Amino acid sequence: YRIAVDAAEEAISAYLAVAQPVVNSVEELDALPHGSVILNSLEEAVSKYGDDWYFPGIKHRFATVVSLPARVLYRPEVKP
């Protein structure tokens with residue numbers, strides 16, 4: 001049973017590494033497009049609006065610091 005659980009955890013981790021990349025630097029964070037949503041290292045969802053980061057659902061709550069590393073939860077397609 002434990003072997004199956006270990007294999008499942010490895011498969012999920014491998015999937016997340018591709019589907020939801022990790023941001024490790026401010027430069028990578030800045031490169032994300034407007035509308036992106038991340039889960040910071042404190043497990044808080046933070047969304048990008050323009051060049052700023054906000055906590056979704058909380059009006060005008062600006063994220064002055066985004067704790068890294070962060071996992072990308074949503075990344076909108078950028079239209080040329």
Side-chain angles (χ1 to χ4, degrees):
Y1 172 76
R2 184 68 203 159
I3 294 171
V5 170
D6 289 343
E9 287 174 350
E10 286 179 31
I12 290 169
S13 292
Y15 169 77
L16 288 175
V18 173
Q20 296 177 319
V22 174
V23 173
N24 291 301
S25 70
V26 173
E27 292 79 18
E28 292 174 341
L29 195 64
D30 289 343
L32 291 172
H34 166 80
S36 295
V37 179
I38 61 168
L39 188 65
N40 69 18
S41 65
L42 301 175
E43 297 187 4
E44 301 167 315
V46 188
S47 62
K48 188 171 187 179
Y49 187 82
D51 291 329
D52 298 319
W53 292 90
Y54 292 87
F55 295 99
I58 303 173
K59 189 175 184 179
H60 306 298
R61 181 149 180 234
F62 176 69
T64 55
V65 176
V66 176
S67 301
L68 298 175
R71 183 163 301 277
V72 177
L73 299 178
Y74 174 72
R75 181 183 183 145
E77 290 186 32
V78 178
K79 297 176 183 174

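Note that these values count all heavy atoms, side chains included, but never hydrogens, waters or copies made by symmetry. Here the structure is a predicted model, which means the values were calculated and not measured.
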- Tested for side-chain contact (heavy atoms from CB on, under 4.5 Å) against Leu68, the lone hit among Asn24, Val22, Val23 is Val23
- Message: Suppose we screen for side-chain hydrogen bond (donor to acceptor under 3.5 Å, both in side chains). Which residues come up paired with Asp6, at least two apart in sequence or across chains?
- Response: Arg2
- Message: Counting C-beta onward and ignoring hydrogens, is there a side-chain heavy-atom pair between Phe55 and Val46 closer than 4.5 Å?
- Response: yes
- Item | Other residues, nucleotides, ligands: >12 heavy atoms within 6.0 Å of Asp51 CG | no
- Message: For the CH2 atom of Trp53 and the CG atom of Leu32, what is their distance to the nearest 0.5 Å?
- Response: 5.0 Å
- Note on the structure: By ring pair (Phe, Tyr, Trp, His ring centres under 6.0 Å), Tyr49 pairs with (sequence neighbours left out) His34
- Task: Flag the pair Pro76 / Ser36 as yes when at least one side-chain heavy-atom distance between them is below 4.5 Å, and no otherwise.
- Result: yes
- Query: If you take all heavy atoms of Ile38 and Val72, which pair is closest and at what distance?
  - Reply: CG2-CA, 4.2 Å
- Return the set of residues passing side-chain hydrogen bond (donor to acceptor under 3.5 Å, both in side chains) with Glu28 (not counting sequence neighbours), or none when no residue passes. none
- Under 4.5 Å between side-chain heavy atoms, chaining through other members, with only Ile, Leu, Val, Met, Phe, Trp and Tyr counted: pull out the rest of the cluster around Tyr74, sorted by chain and number. Val37, Leu39, Leu73
- Query: Can you name the closest pair of heavy atoms from Arg75 and Pro33 and give their distance?
  - Reply: NE-CD, 3.7 Å
